[in-house]
Undergrad: 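For reference, the structure I am asking about is given below.
Residue numbers begin at 1 in each chain, while the letters A, B, ... track the order of the sequences.
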Amino acid sequence: MTNTWVDLKNADVILVDGSNCAENHPASMTWINKAKDERGAKLIVVDPRFTRTASQADLFVAIRSGTDIPFFGGMMKYLIDNQLIQKEYVLHYTNAANLIDPGFKGPANLDGLFSGFVDDDGDGFGKYDQGTWKYQTDPQGNPLRDETLKNPQCVFQILRRHYARYTLKTVSDITGCPQDKLEAAYKLYATTGARNKSGTILYAMGQTQHTVGSQNVRCMAMIQLLLGNVGLPGGGVNALRGESNVQGSTDQGVLAHLVPGYIGIPRAGDHPTLAAYNEKETPKTSYWSNKPKFFVSLLKAWWGDHATAENQFAYDYLPKVESPAKHYWMALFEDMYAGKIQGLWAMGQNPAVSGPNARLEREALKKLKWMVVQELFDTETCSFWRAPGVKPADVKTEVFILPAADAMEKEGSIVTSGRLIQWRTKVADPPGIALPDHQILNLIALKLKALYAAAPGPFADPIVHLNWDYGKELSVEKVAQELNGYATAVIKDPQGNILANKGDLFKTFAMLQADGSTACGCWIYGGYFAPADDGAGKIMPASKRRGQKDPGGLGLYPFWGFAWPANRRIIYNRASADPNGKPWSEDKKLIWWDEAQKKWTGYDIPDFVPTRAPSDPGGKDPFIMRVDGRGGLFASLSDGPLPEHYEPVETPVTKNPFSSRLHNPAIQVWKTDQGKSIGDNLGKTDKFPIVATTYRVCEHWQAGGMSRWLGWLTECHPQMFVEMSKELAAEKGIRNGDRVKVSSARGEITMAAVVTGRFKPFKMENKTIHQIGMPWHFGWGGLATGDVANDLTPHVGDANTTIPEYKAFLVDIKKA
Amino acid sequence: MARKAMLIDESKCTACRGCQVACKQWNELTGWEYSKTVNTGSYENPPNLTPQTWTRIRFNEYESRQGFRWLFLKEGCMHCGEAACADVCPTKALKKQADGRVTVEPDLCNGCGYCSQFCPFGIPRLEMAGGVIMSKAKASKCTFCQDRTDNGLSPSCVKTCPAQALFWGDRGQMIAAGKKRVETLKTRGFTEANLYGEAAVGGLGRLYVLIEKPETYGLPADPQYPAVAMMWQNIVQPLGKIAIGGTVLGTFLAWLIIRRNIKMEEVE
Amino acid sequence: MNGQIQEAGHVFQIRWIPKYTFVERLLHWVNTAIFIPLVVTGLVLYLDALKPLAQGDAGQWMRLVHRLVAILFIAVPVIYGILQPRRLWMHLKEFAFEKEDLGWLKNAFGYYVWGKHDAMPPQGRFNTGEKINAVVMIISWILFVVSGLIMWYGKGIVSAELFRWMVVLHDLTMILAVCMLIVHLFLAVAHPLMWAALVSMRFGVTSATYAAEHHAKWYYGPKRAMELYEAKKKNQRHSA
């Protein structure tokens with residue numbers, strides 16, 4: 001989130017799209033209700049299905065799965081056509097005025113493509129050369145701008161032309177939502193464009209788990225920029241993370257292309273040396289220009305005294321990935337399926353249930369030589385080798401199960417969606433021989449180091465020299481100190497004053513250096529474990545604080561825990577003040593320029609150089625992580641600089657109304673074993689006419705490993721089920737409670753039918769499209785058993801992140 | 001002592017079932033191992049209150065004039081102001097406390113089951129063990145977490161609710177808050193919004209802010225203290241004791257007279 | 001008593017005649033053995049003084065005993081009816097009320113309390129009072145069984161309102177039956193005039209003079225008994 005959970009109470013309109021927050025983040029309703037009760041806020045819920053969140057909505061808008069870009073595109077057209085944008089904000093804080101290379105062309109002109117598309121094998125999918133997707137610049141490299149926003153090549157005009165096709169009629173037809181409903185939603189949300197209003201957009205997997213997922217999110221960012229909502233209380237672009245510490249895990253770089261702190265992992269070939277890496281990956285402007293400091297400090301944290309200026313700070317010890325990094329989830333399993341991967345270490349992960357095309361992924365597991373699973377219960381992944389229908393003698397994988405402690409049984413920190421790091425204590429002992437994950441990894445690391453020290457082989461240095469001194473019984477506090485960042489030597493300022501002694505914990509990442517004098521396991525966490533005041537005079541590590549003071553009453557609670565970066569609660573908060581440093585309105589004041597003290601002050605830590613005046617260079621550029629300091633209405637992703645509607649890979653529609661290109665051209669499409677019973681098969685609407693989506697229920701958790709073994713939760717939702725409209729049920733002769741079979745090109749599963757008025761058929765001009773939905777929590781293990789929903793989902797994903805398209809695919813349904 | 005009550009704001013409830021599970025956790029009740037629920041086409045489970053399920057969310061889809069609504073109701077013992085269950089309980093296992101809670105002492109319960117049938121809402125459930133002839137039974141129902149509320153804490157469900165839809169406190173304050181909420185809802189277009197339980201059956205200890213009429217939620221519109229209970233407890237039983245006592249007394253008196261009038265020697 | 005007999009000086013001889021068969025007596029005492037525990041286990045719910053016995057484990061036992069004995073309560077007459085339907089029917093007919101029973105009602109108080117023998121019209125093998133007792137017992141049996149079975153098995157099957165009425169009915173029936181039982185016990189055990197009743201129910205025989213006095217219609221036959229009765233009444237009128 002750019003904002004925080006509690007900050008939701010400051011919103012005037014809350015737009016929920018691609019999230020069922022009342023279901024999956026129930027505590028969020030406290031703040032949404034506060035907004036409704038205390039400031040008369042309105043809640044808009046956009047979803048194919050009337051959810052538990054929709055039950056709280058002032059306005060419920062039903063759109064077919066996979067049509068969010070038309071919805072948002074239509075909104076952008078509405079805002080532009082009716083002059084409802086926050087003009088001053090857009091002009092100064094976004095790149096609306098920037099001029100784009102004349103060679104750039106968009107889908108309106110290129111029939112669904114952006115300029116630079118290369119399709120080597122002619123299958124309709126390929127890559128973009130982004131050469132024309134750039135600003136026109138002056139000789140110094142500064143972007144050329146037209147502040148009247150009239151130049152046809154300025155971003156604003158390109159935007160206007162791009163979304164001109166997204167008329168109410170077209171959007172209504174492709175989404176299946178009546179025009180008046182769409183217009184009501186646009187009108188209501190547009191009210192947040194006023195200077196004294198702010199609107200927040202909440203989203204989750206409903207937006208991201210599509211082949212256009214990243215572009216869905218781009219839409220929301222663009223709308224928030226157009227309405228001047230980013231950086232304000234009650235505003236922002238707010239991702240509701242799907243796991244209690246997934247924010248923490250992404251912060252730690254647990255993704256194929258990152259190291260901790262959202263720094264790209266070096267790629268073999270592209271980055272032969274540290275200097276090459278720094279040169280290539282460090283922008284000249286924006287706060288990322290400090291990247292070498294973060295990266296070197298990271299290497300220093302990992303290899304300690306063995307990382308010196310002489311050996312490029314142990315750069316050669318760090319494994320490199322291929323270029324581009326590609327071993328995201330599906331690629332991993334495709335390689336596994338092809339027998340290319342020897343072993344898998346699954347920590348609290350249940351791919352047998354949660355992976356797309358799960359039948360294929362379970363087959364892939366059988367190809368492993370060995371697998372280690374760290375788990376609480378005997379999940380489907382633990383037991384894939386003796387799943388119903390599988391003969392254990394046929395599976396050669398050696399499986400090790402390490403019983404793990406659950407969240408309450410260990411100490412440590414967790415990061416919320418709002419980037420808030422809160423330290424938690426252990427309240428119970430784990431049962432039997434179960435150990436916390438950190439201790440399991442500690443024991444493994446210590447053993448590996450010993451083994452390699454005894455028999456080094458060709459290149460054992462990266463392991464033997466690994467800085468690993470957390471104790472035999474791992475001290476979580478020691479790890480926290482490393483993540484926080486500390487001085488490895490005395491640090492002095494140019495005048496010779498001591499800024500930090502060796503071992504001192506840093507209060508901010510601004511102390512990090514690229515010369516080896518600092519170590520930091522995760523630069524954005526800088527300060528989270530350093531001693532801090534809790535507002536009442538008690539000093540303790542920042543993330544342990546539970547201070548109740550709330551200056552300004554906005555619910556920021558700056559003395560409670562630690563929000564990265566640098567305890568800034570609402571990021572890009574420079575944008576909450578106008579170009580002169582005065583809040584856009586008294587109602588939304590957050591930080592402001594204090595002319596007397598010559599610094600930014602207010603209720604939040606400024607996400608800005610505190611002493612940089614509005615009149616200084618860069619004093620009006622709130623988006624400090626972007627090269628030009630301005631919000632990107634036009635911003636390049638691998639599938640385009642502007643969101644354009646493409647249908648999901650499995651779509652019930654044969655024509656895309658916005659162009660003749662049906663699918664996102666920049667995605668990767670797997671084709672393994674197509675035509676076989678298990679394979680990357682894709683279905684068409686003639687055999688599979690119904691749109692399906694998958695989702696979660698409040699009472700179960702993810703792939704069910706934590707909830708299906710518990711009697712109280714199982715009792716609420718004991719079995720797998722599918723929800724469908726009364727109309728579809730009548731067509732198929734299905735009664736409420738009947739057993740039904742749902743099939744896709746990848747599998748067939750059986751479950752109970754929930755016939756409900758919460759799904760209604762989507763009426764297009766020429767046909768009616770039915771949509772059904774099912775939870776993906778179930779598997780054969782535990783008390784609450786059921787078929788695996790992901791047996792149906794396809795092995796296709798977003799063009800940028802490869803997140804699988806779990807949210808829109810094609811099925812058929814019949815009585816069992 | 002001021003009467004305590006629970007206010008359930010069904011305009012805020014999102015049916016997360018946190019309350020349903022928190023109740024089970026605090027009161028050490030069992031879940032699926034006991035009830036073996038199945039999905040019969042609804043999110044609602046278990047399908048009824050049971051001896052191991054003292055509160056439960058009901059789901060109801062309703063087409064109101066203002067659009068589709070998904071209505072939720074947290075059902076459980078109403079803790080009536082005039083508690084028929086406590087009145088008919090022959091062992092005082094069910095007791096009406098001074099603060100209005102109707103508590104349960106399972107040790108005293110002999111399983112007669114009168115409470116379950118005299119309750120105007122049909123709430124108390126009997127835990128059966130041992131088959132139909134040998135059965136031992138115990139009455140069970142929501143007690144407003146009597147061990148918590150005895151010690152100044154709120155019931156477990158109230159503490160858990162993540163949507164802050166549940167409140168516990170002085171009944172007068174709960175009613176005032178409920179009425180205020182109803183007024184707010186009316187200004188938002190919920191024309192049928194109402195506060196349920198203010199006066200019925202001596203005033204309920206469980207008050208609801210509803211956004212539709214009670215009948216739409218499956219609640220009785222006008223619940224009554226069962227007249228049969230009143231007649232039984234206040235008329236039949238006392239008069240019966242008088243009748244039996246009177247018969248004994250009358251017979252004794254008659255005997256005193258008879259022995260003077262009738263001598264054994266004169267009898268045939 | 002001893003002294004009086006000696007003073008009276010005549011030999012006190014009783015001529016015994018059979019009145020109740022073995023089966024009749026068996027049924028009576030079995031019924032007693034069944035009914036007393038039922039009343040006692042039920043009373044613990046009714047009398048505050050007995051409340052400790054109604055609570056907890058003690059109460060569960062009371063319930064259990066009540067139900068187990070209730071099975072016998074239901075079964076015994078039913079089995080008898082299956083095995084001896086004709087005899088049962090004959091018994092039931094003996095308890096039928098006739099116009100003459102009004103006469104007993106008119107004279108009962110004077111007879112039983114003041115000992116006024118002669119006004120009482122002749123009675124059959126069961127006098128009107130005994131018929132009332134039997135009818136009350138039979139009706140109670142029906143009401144107990146119906147209300148009791150519904151209270152036992154009916155939860156969730158019959159409406160709550162019907163259940164509530166059955167509970168009240170069980171109570172009312174109990175009040176009626178217990179009052180009847182109190183009077184029955186008094187008459188059987190303590191009333192001088194009824195001295196032979198207990199003997200006859202225990203041993204099956206009654207005294208001839210007792211029978212001639214108390215059950216004239218049975219002893220003499222209805223016509224002769226009526227004649228004797230009319231004659232007695234005429235004498236009384238003449239003497240008065």
Undergrad: Does any backbone or side-chain atom of C:Phe109 lie under 4.5 Å from a heavy atom of chain B? Answer side chain, backbone, both or neither.
TA: neither
Undergrad: Rounded to the nearest 0.5 Å, what's the gap from CG on C:Asp57 to CG on B:Leu108? Could you check?
TA: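 Rounded to the nearest 0.5 Å, the CG-CG separation comes to 11.0 Å.
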Undergrad: Which residue out of B:Pro106, B:Ser116, B:Gly111 racks up the most heavy-atom pairs below 4.5 Å with chain C?
TA: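 Among B:Pro106, B:Ser116, B:Gly111, the one with the most close pairs to chain C is B:Gly111.
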Undergrad: Heavy-atom pairs under 4.5 Å with chain C: which of B:Asn261, B:Asn110, B:Asp107, B:Leu239 has the most?
TA: B:Asn110
Undergrad: With a 4.5 Å cut-off on heavy-atom pairs, point out which of B:Gly246, B:Pro226, B:Gly250 contacts chain C the most.
TA: B:Pro226
Undergrad: Please round to the nearest 0.5 Å and tell me the distance separating atom CG of C:Asp48 and atom NZ of B:Lys92.
TA: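 Here the rounded value is 7.0 Å.
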Undergrad: If I measure from the heavy atoms of chain C, does B:Ala243 come under 4.5 Å with its side chain, its backbone, both, or neither?
TA: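 When you check distances to chain C, atoms from both the backbone and side chain of B:Ala243 fall under 4.5 Å.
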Undergrad: Mark yes when over 12 heavy atoms from residues, nucleotides or ligands other than C:Lys232 sit less than 6.0 Å from its NZ; otherwise mark no.
TA: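 Enclosed.
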Undergrad: Among C:Gly59, C:Gly115, C:Pro192, which residue forms the greatest number of heavy-atom pairs with chain B at distances under 4.5 Å?
TA: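 Ranked by heavy-atom pairs under 4.5 Å with chain B, first place is C:Pro192.
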Undergrad: So which of B:Val248, B:Ile244, B:Val88 has the biggest tally of heavy-atom pairs under 4.5 Å with chain C?
TA: B:Ile244
Undergrad: Take atom CD in B:Glu215; do more than 12 heavy atoms of anything else shown fall under 6.0 Å from it?
TA: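 Counting other residues, nucleotides and ligands, CD of B:Glu215 exceeds 12 neighbours.
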Undergrad: With a 4.5 angstrom heavy-atom cut-off, is it the side chain or the backbone of C:Arg164 that approaches chain B, or both, or neither?
TA: both
Undergrad: With a 4.5 angstrom heavy-atom cut-off, which part of C:Met62 approaches chain B: side chain, backbone, both or neither?
TA: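 For C:Met62, there is no contact with chain B at all, as no heavy atom is under 4.5 Å.
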Undergrad: Flag yes if more than 12 heavy atoms outside C:Trp165 fall under 6.0 Å of its CH2 atom; otherwise flag no.
TA: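 No.
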Undergrad: Search all heavy atoms of C:Tyr112 against all heavy atoms of B:Ile262 and return the closest pair with its distance.
TA: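 Closest pair (atom of C:Tyr112, atom of B:Ile262, distance): O-CD1, 3.5 Å.
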Undergrad: Side chains of C:Gln60 and B:Lys138: does their closest heavy-atom pair fall under 4.5 Å?
TA: yes
Undergrad: Sort out for me which of B:Ala254, B:Gly113, B:Ala137 touches chain C most, counting heavy-atom pairs under 4.5 Å.
TA: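 Most heavy-atom pairs under 4.5 Å with chain C: B:Ala137.
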Undergrad: Stepwise, does the side chain to side chain contact (heavy atoms under 4.5 Å, CB included) test hold for B:Gln117 with C:Val167?
TA: CA-CA 10 Å; B:Gln117 304 300 307; C:Val167 173; over 6 Å; no
Undergrad: Around atom NZ of B:Lys241, are there more than 12 heavy atoms from other residues, nucleotides or ligands closer than 6.0 Å?
TA: yes
Undergrad: Between C:Val178 and chain B, which part of the residue has a heavy atom less than 4.5 Å away: side chain, backbone, both or neither?
TA: side chain
Undergrad: Given a strict heavy-atom distance threshold of 4.5 Å, which part of B:Ala227 is in contact with chain C: side chain, backbone, both, or neither?
TA: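 Contact with chain C: none, neither part.
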Undergrad: Checking heavy atoms, do the side chain of C:Lys51, its backbone, both or neither come under 4.5 Å from chain B?
TA: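 The answer is the side chain of C:Lys51.
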Undergrad: Heavy-atom distances under 4.5 Å only: say whether C:Tyr46 touches chain B with side chain, backbone, both or neither.
TA: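 Both the backbone and the side chain of C:Tyr46 come within 4.5 Å of chain B.
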Undergrad: Report yes if the side chains of C:Lys155 and B:Leu126 come closer than 4.5 Å at any heavy-atom pair, otherwise no.
TA: yes
Undergrad: Between chain B and each of C:Ile175, C:Val44, C:Leu181, count heavy-atom pairs under 4.5 Å; write down the option with the most.
TA: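 Option with the top pair count is C:Ile175.
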Undergrad: Check whether more than 12 heavy atoms from other residues, nucleotides or ligands sit under 6.0 Å from atom NZ of B:Lys36, and answer yes or no.
TA: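 Atom NZ in B:Lys36 is packed in, count exceeds 12.
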Undergrad: So how far is it from B:Trp232 CH2 to C:Leu172 CG, rounded to the nearest 0.5 Å?
TA: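 So the gap between those two atoms works out to 10.5 Å.
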